[in-house]
Amino acid sequence: MVTGQDRGIVTAVSYSAKALGITRGLPIFRVKRDYPNVIILPGDYPSYVHYSGLMFDIVRRYADDVEEYSIDECFADITGLDKPLKMTYREIAERIKKEINEELDLSISVGVAPTKSLAKVASKWVKPNGLTVIEKETAHNFLERTPIEKIWGIGNQTSIFLKKRGIKTAVDFACKKREWVEENLSKPYKAIWYELNAIPIMEVDPLPKLLYSSIQKTQTFRPPSNDKIFLLSQLSGHIEDACAKARRYDLVPKSISFFLKTQDFRYVSRSLHLACATNAPEAIIPLAHIELEKMHVKDVLYRTAGVGLHGLVPGKAYQGDLFGGTAKAGKFEEIHKRMDVLEKKWGRKMVWVGSSGSDGNDKMSEMKGDKLFL
DNA sequence: TCTGGGGTCCTAGGACCC
DNA sequence: TCTGGGGTCCTAGGACCC
C-alpha cells in the first residue's frame, strides 16, 4: 500500500510495498504500471494531524522539552529525567513507546542517544516498532554500519563530495580530524560531525515562537506553459492562498519570493523586501507582475510556479509605515475579512481575485498591468 | 503521463558605505 | 599613476528534510 495523489508521487510506503522496492518519490503512474497489485490511497492529512497531536501529548507526559520535528517525528530531551522518574533512559523510552502502542494503536520506532544526530541513527536502526539505545561508547559500532548518505542532513551532493575524499561510512566521517572538518565543510556539516561524536550542537527546540517562519504555495501544471498571462494567474492564485494562510495565523511577511521551475527542473526565482509588510494580495500581485517580466524567458517552458512569504512576524493585514502605508488598508481589510469568512463557511476558492482566474484562454487574458477584478 | 508540495537553513557575491 | 580595508544589507540559489 502507498499513499499518493493521481499524477503525483508516492508520499508514504507501507513496509510490504517497501519490500517490493517502492520508494518515496516514485511517480504514481509508474506504481500503477509496474506494481498493479499495490493499493494506492489518497493521503488523509487531517487524520495525521489528529494522531500526531495525540502522540506528542503522550511524549509530553515524560518530557517537558519536546520538539515537533515533523508530523510523525519528534525529539524529546530527557536529560536528567532518569532520577526523578526513577527509570533508566531506556525504560523511559519503553514506557512512551508502550503507551503510544496501546492508546493509539500505532507502532513507533524510538532512538535514545546523546545527540539528535545519533538519536536519528538509533531510531532508524530497528524499524518498525524498534527501540535502540546508542551510547557515546558504542556509537562507533553503529556508525561503521551506516553509509554516509543515510545520515540525517547529508544528502546526495554532500555524500558525493565526501565519498570522493574516501568517506564512505558515518564512522569514516566521525573519525576525520577536527581541523579538516573546520576547514572543508560549512556550518551544518560541522554540526553533524560534532553530533556524531556525541557532542551536542543541535538543540531540542520545544516550541518555536512562531508556527511558521515562511509560507509557500506552489503548483505544477500540465502541460508546461510559456504563457505569461497564465503564469501570472498561477502566481496570483498562490499569492491569494499564501496570504489567506498568513491571515489565518495573523502573520505578516517582511519579504516575498516568486519562482518558476522550468520543464527540465531548473529554478528561477526572485525575492524582495517589502517596503511595507503586508498580507494583502492586492499589494503583492502587482509585484508578481513586475518580477515575472524579469524571470520569464521567451520559448522556455515552465512546469511549476510558486510564491513564498518570508520573514513572517505576528501582525495584522497591514503594518503601517511612516508615509501612510495604511492608506489602502481600510479598503481591502473588509474585503479580506469577508473572503476569509466565506472560505471558512463554504470551503476554499469561493471568491478570488480576477487575476487568479485565467487559464490563458479566456477573457482574463486581456488583463493588463495590475488591474484586478473581483 | 517523467519526477508534488511545504518547509528550514546557509552561503556567495553584488551594491553600497565610510 | 590606479584604486585598501572593513563593514552592512540584500538577493539568488543551493542543499536538505518530511
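Throughout, protein chains are lettered first and strands after them, A, B, ... in sequence-line order, and every chain is numbered starting at 1.
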Between OH of Y302(A) and C1' of dT3(B) the distance, given in whole Å, is 19 Å
Any chance you could pull the hydrophobic cluster mates of Y267(A), using side-chain heavy atoms under 4.5 angstrom and chaining through other members?
-> F259(A)
State whether K120(A) and E73(A) are salt-bridged, where the test is any N-O pair (Lys NZ or Arg NE/NH1/NH2 against Asp/Glu carboxylate O) under 4.0 Å.
-> yes
Answer yes or no: is there an ion pair linking E240(A) with R247(A), defined by an N-O contact shorter than 4.0 Å?
-> no
Pairwise side-chain contact, F230(A) with S225(A), heavy-atom cut-off 4.5 Å (strictly under) | yes
Which nucleotide, dC16(C), dC17(C), dG4(B), lies nearest any side-chain atom of F265(A)?
-> dG4(B)
Between atom CG in L260(A) and atom P in dA12(C), what is the gap in whole Å?
-> 13 Å
In whole angstrom, give me the gap between the P atoms of dT3(B) and dC18(C).
-> 23 Å
Does R303(A) make a side-chain N or O approach to OP1 or OP2 of dG4(B) shorter than 4.0 Å?
-> yes
Can you figure out which of dG4(B), dA12(C), dC18(C) approaches the side chain of S271(A) most closely?
-> dA12(C)
Examine dT11(C): is either OP1 or OP2 under 4.0 Å from a nitrogen or oxygen in the side chain of S257(A)? Give yes or no.
-> no
Assess the pair W152(A) and Y69(A): is the distance between their ring centroids shorter than 6.0 Å?
-> yes
Where the side chain of T218(A) is defined as all heavy atoms beyond and including C-beta, which of dG5(B), dG4(B), dA15(C) is the nearest nucleotide?
-> dG5(B)
Closest of dT3(B), dA12(C), dG7(B) to the R270(A) side chain is dA12(C)
Could you give the CD-to-C1' distance, from E73(A) to dG7(B), as a whole number of Å?
-> 14 Å
Is there a donor and acceptor pair closer than 3.5 Å between the side chain of R24(A) and the base of dG4(B)?
-> yes
Can you find a side chain N or O atom of H273(A) that sits less than 4.0 Å from OP1 or OP2 on dT11(C)?
-> yes
In whole angstroms, how far is the P atom of dC9(C) from the NE2 atom of H310(A)?
-> 20 Å
Close residues, residues 179-202 of chain A, relative to DNA chain B [heavy-atom separation under 4.0 Å] = S186(A), K187(A), P188(A)
For the pair made of CD1 in I40(A) and C1' in dG4(B), what is the distance, rounded to whole Å?
-> 15 Å
Give one of base, sugar-phosphate or nothing for I71(A), where a contact means two heavy atoms less than 4.0 Å apart.
-> nothing
Among dA15(C), dT3(B), dG7(B), the nucleotide that comes nearest once only the side chain of T158(A) is considered | dA15(C)
Report yes if a side-chain nitrogen or oxygen of S214(A) is closer than 4.0 Å to either non-bridging phosphate oxygen (OP1 or OP2) of dT8(B); otherwise report no.
-> yes
Consider the side chain of I9(A), meaning its heavy atoms from C-beta on, and name the nucleotide among dT3(B), dA15(C), dG5(B) that approaches it most closely.
-> dT3(B)
So what does I151(A) hit on the nucleic acid, given a heavy-atom distance under 4.0 Å: a base, only sugar-phosphate, or nothing?
-> sugar-phosphate
So, is T220(A) close to the dG5(B) phosphate, meaning a side-chain N or O under 4.0 Å from OP1 or OP2?
-> yes
Quick one: do E94(A) and K97(A) make a salt bridge, cutoff under 4.0 Å?
-> no
Given dC2(B), is OP1 or OP2 found less than 4.0 Å from the side-chain N or O atoms of R30(A)?
-> no
Quick one: is dA12(C) close enough that its OP1 or OP2 comes under 4.0 Å of any side-chain N or O from S269(A)?
-> no
Within the pair K120(A) and dC18(C), is there a side-chain N or O less than 4.0 Å away from OP1 or OP2?
-> yes
If a stem is a run of at least 3 consecutive Watson-Crick or G-U pairs, both distances under 3.5 Å, which stems include DNA chain C?
-> B:5-18 with C:5-18
Is the closest side-chain donor-acceptor distance between S14(A) and S16(A) under 3.5 Å?
-> yes
Looking only at dT11(C), dT8(B), dG13(C), the nucleotide nearest the S213(A) side chain is dT8(B)
What is the distance, rounded to the nearest whole Å, between atom NZ of K294(A) and atom C1' of dA12(C)?
-> 13 Å
side-chain contact (heavy atoms from CB on, under 4.5 Å) test vs K163(A) passes for just one of D172(A), T158(A), I148(A), namely I148(A)
Do the charged groups of K116(A) and E195(A) touch, with an N to O distance under 4.0 Å?
-> no
Using whole Å, report how far NZ of K245(A) lies from P of dG6(B).
-> 7 Å
Determine the contact category for I28(A): base if any of its heavy atoms lies under 4.0 Å from a base atom, sugar-phosphate if only primed atoms, P, OP1 or OP2 are that close, otherwise nothing.
-> nothing
Side chain of Q216(A) (C-beta onward), nearest among dG7(B), dC17(C), dT3(B) = dG7(B)
Kindly determine whether M202(A) and F75(A) satisfy side-chain contact (heavy atoms from CB on, under 4.5 Å), including the steps that lead there.
-> CA-CA 11 Å; M202(A) 308 177 191; F75(A) 291 100; over 6 Å; no
Send over the distance from I154(A) CD1 to dC18(C) P, rounded to a whole Å.
-> 13 Å
Touch check for Q5(A), heavy atoms < 4.0 angstrom, all strands: base, sugar-phosphate only, or nothing?
-> nothing
So, is K217(A) close to the dG5(B) phosphate, meaning a side-chain N or O under 4.0 Å from OP1 or OP2?
-> no
Is a side-chain donor or acceptor of T146(A) paired with a backbone partner of F142(A) at a separation under 3.5 angstrom?
-> yes
For residues V2(A) and A17(A), report the shortest heavy-atom separation together with the two atoms involved.
-> CG1-CB, 4.0 Å
Given dG4(B), dC2(B), dC16(C), which nucleotide is nearest the side-chain atoms of F29(A)?
-> dC2(B)
